[in-house]
Structure formats: C-alpha cells, structure tokens
Amino acid sequence: MTDSIEKLANILVIDDDDISNFIYTRVISASGIVENIKSCMSGQEALDYLEEVSKSDPDQFPAMIFLDINMPVMNGWDFLDEYNKIVPQNLQANSILCILSSSVYKDDIDKASSYTQVKEYVPKPLTTESLKELFNKHFA
C-alpha cells in the first residue's frame, strides 16, 4: 500500500468508544502511510482541536477525518453542523471526511450524503481493506 501513495501527515478519528479508537488507531498505524493519528472522544473535543489547528497551523489539518455518528451529547450530525461553521472551506475541501457507522439504514446513508463535506460512508469496523480502498480512491 505504501508504494502507491505519498505518506499522509495527519488523520483524525472521532469516536466516543475507547476500544474503537484503539482499534482504528492500530489499523491506521499498521498501514504505514500516516505520520500522526489523533483520536478524540467527543465531537466537541474534535471541534476544539480542529479549530485550534485551522488557526495555528493549517498545514497540520487532518487529510482524513473518521467520524462516528452515534455519540452522546454531540452526535456526528451535530458535529457536522458545527464543523461547517468553524472550519474554513479551503481546509474542508482538502480533507476527506468519512462517516464511520454501524448503521446500515438508508436514512443515515442518505443523510450523510446530504452533507457536502462528507466524502464517504464507511461501515464499522474500519478494516485494513476498507482503509486501503479509501486511500487508493482519494490519494493515489
């Protein structure tokens, strides 16, 4: 996989489940094509992080963001609404935002596609194979 694309600087994973974050970090790390992986346990934590990065060092803005939609307090849909308000359009355009969900309901898939910043809807769990497909599709 590493021969086909350049190494990505940063990826962000947003999921309220520690075990999921651990597994996704391991899967992404094992790919060998990402320099830094940041995980956030809530939508608000991720928004704070993205706002800070977009202001202080836009070059470090994640090339790819994996977002769980079923989270307490601020779900993925609420996150997307706020993301649109605080992240400059040029940074959104250069980042691949993927919904990570265990939901296979057409309504969720349709809702995800209604957000222009969402580029992919990825069924959980994130696997090496699905990750490879995403990287090849968007970065090869």
Side-chain angles (χ1 to χ4, degrees):
M1 187 170 14
T2 56
D3 295 343
S4 63
I5 62 173
E6 194 173 305
K7 202 167 204 177
L8 299 179
N10 297 297
I11 285 188
L12 174 62
V13 177
I14 309 164
D15 197 313
D16 62 306
D17 181 40
D18 274 335
I19 295 170
S20 293
N21 279 335
F22 175 78
I23 291 168
Y24 300 146
T25 300
R26 298 285 296 189
V27 168
I28 295 167
S29 183
S31 74
I33 57 176
V34 178
E35 291 177 17
N36 299 303
I37 305 162
K38 167 82 173 159
S39 64
C40 293
M41 294 290 295
S42 72
Q44 189 59 57
E45 179 187 353
L47 288 170
D48 293 344
Y49 168 75
L50 292 170
E51 186 172 31
E52 175 62 31
V53 169
S54 67
K55 290 178 180 175
S56 65
D57 194 359
D59 290 337
Q60 294 303 309
F61 197 83
M64 197 168 234
I65 300 170
F66 291 100
L67 171 65
D68 182 26
I69 57 172
N70 294 316
M71 295 185 289
V73 183
M74 176 184 281
N75 66 31
W77 310 123
D78 296 335
F79 169 88
L80 289 169
D81 293 336
E82 293 302 312
Y83 175 86
N84 233 8
K85 294 175 190 173
I86 67 164
V87 175
Q89 290 296 322
N90 64 317
L91 293 179
Q92 287 186 32
N94 292 325
S95 185
I96 305 301
L97 200 151
C98 304
I99 298 291
L100 264 176
S101 179
S102 54
S103 172
V104 292
Y105 295 113
K106 185 174 177 353
D107 289 347
D108 284 338
I109 296 167
D110 290 345
K111 187 171 184 174
S113 67
S114 73
Y115 287 89
T116 57
Q117 65 271 44
V118 174
K119 305 298 187 236
E120 298 288 340
Y121 190 93
V122 182
K124 284 184 175 183
L126 181 65
T127 64
T128 305
E129 294 78 24
S130 59
L131 185 62
K132 182 178 180 179
E133 287 176 24
L134 289 169
F135 283 138
N136 287 334
K137 180 176 179 180
H138 294 285
F139 300 105

Group every Ile, Leu, Val, Met, Phe, Trp and Tyr by side-chain heavy-atom contacts under 4.5 Å, then state whether [X] and [Y] land in the same group.
X: Ile96; Y: Ile69; value: no
X: Val13; Y: Leu47; value: no
X: Val87; Y: Met74; value: yes
X: Leu126; Y: Leu97; value: no
X: Ile14; Y: Tyr83; value: yes

Which distance, rounded to the nearest 0.5 Å, do you find between the [atom1] of [X] and the [atom2] of [Y]?
X: Asp17; Y: Ser102; atom1: CG; atom2: OG; result: 10.5 Å
X: Arg26; Y: Thr128; atom1: CZ; atom2: OG1; result: 11.0 Å
X: Glu120; Y: His138; atom1: CD; atom2: NE2; result: 3.5 Å
X: Leu134; Y: Ile28; atom1: CG; atom2: CD1; result: 10.0 Å
X: Ser29; Y: Ile37; atom1: OG; atom2: CD1; result: 4.5 Å
X: Glu51; Y: Ser56; atom1: CD; atom2: OG; result: 10.5 Å

I want to check something: taking the side chain as every heavy atom from C-beta on, are [X] and [Y] in contact at a cut-off of under 4.5 Å?
X: Leu100; Y: Val122; result: yes
X: Met41; Y: Asn21; result: yes
X: Cys98; Y: Met64; result: yes
X: Phe79; Y: Leu50; result: yes
X: Phe66; Y: Leu131; result: yes

Testing the basics here: between [X] and [Y], what is the closest heavy-atom pair and its distance to 0.1 Å?
X: Cys40; Y: Ala46; value: SG-CA, 3.7 Å
X: Asn70; Y: Ser101; value: ND2-OG, 4.3 Å
X: Asn94; Y: Asn90; value: ND2-O, 3.0 Å
X: Tyr24; Y: Pro125; value: OH-CA, 4.1 Å
X: Phe139; Y: Ala63; value: CZ-O, 3.7 Å

Check: Asp16 side chain, Met71 main-chain N or O, donor-acceptor pair, under 3.5 Å |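 Between the backbone of Met71 and the side chain of Asp16 there is no qualifying donor-acceptor contact (under 3.5 Å).
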
With under 30° as parallel and over 60° as perpendicular, where do the rings of Tyr115 and Trp77 fit, or are they tilted in between?
->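 Geometry flag for Trp77 against Tyr115: parallel rings.
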
Could you walk me through whether Ile65 and Gln117 pass the side chain to side chain contact (heavy atoms under 4.5 Å, CB included) test, one step at a time?
-> CA-CA 11 Å; Ile65 300 170; Gln117 65 271 44; over 6 Å; no

Who passes salt bridge (charged side-chain N to carboxylate O under 4.0 Å, His left out) against Asp108, sequence neighbours left out?
->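 Salt bridge (charged side-chain N to carboxylate O under 4.0 Å, His left out) check on Asp108 returns nothing, list empty.
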
Salt bridge (charged side-chain N to carboxylate O under 4.0 Å, His left out) involving Glu45 - partner list, sequence neighbours excluded |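 Salt bridge (charged side-chain N to carboxylate O under 4.0 Å, His left out) list for Glu45, sorted by chain: empty.
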
Can a salt bridge be assigned to the pair Lys132 and Glu129 using a cut-off of 4.0 Å between side-chain N and carboxylate O?
->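 Not counted as a salt bridge, because no side-chain N and carboxylate O are separated by less than 4.0 Å.
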
Pair Asp15 + Lys124: basic N to acidic O under 4.0 Å |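 Yes.
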
Side chain to side chain contact (heavy atoms under 4.5 Å, CB included) between Phe135 and Val34, intermediate numbers included | CA-CA 10 Å; Phe135 283 138; Val34 178; 4.0 Å; yes

Apply side chain to side chain contact (heavy atoms under 4.5 Å, CB included) to the pair Leu80 and Val118, showing each step before the final yes or no.
-> CA-CA 9 Å; Leu80 289 169; Val118 174; 3.8 Å; yes

Evaluate the side chain to side chain contact (heavy atoms under 4.5 Å, CB included) criterion for residues Ser95 and Phe61: first the C-alpha distance (whole Å), next the side-chain angles of each, then the deciding distance (0.1 Å), finally the verdict.
-> CA-CA 8 Å; Ser95 185; Phe61 197 83; 3.8 Å; yes

In chain order, what residues pass the side chain to side chain contact (heavy atoms under 4.5 Å, CB included) check against Pro58, with sequence neighbours excluded?
->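 Residues passing side chain to side chain contact (heavy atoms under 4.5 Å, CB included) with Pro58: Leu91.
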
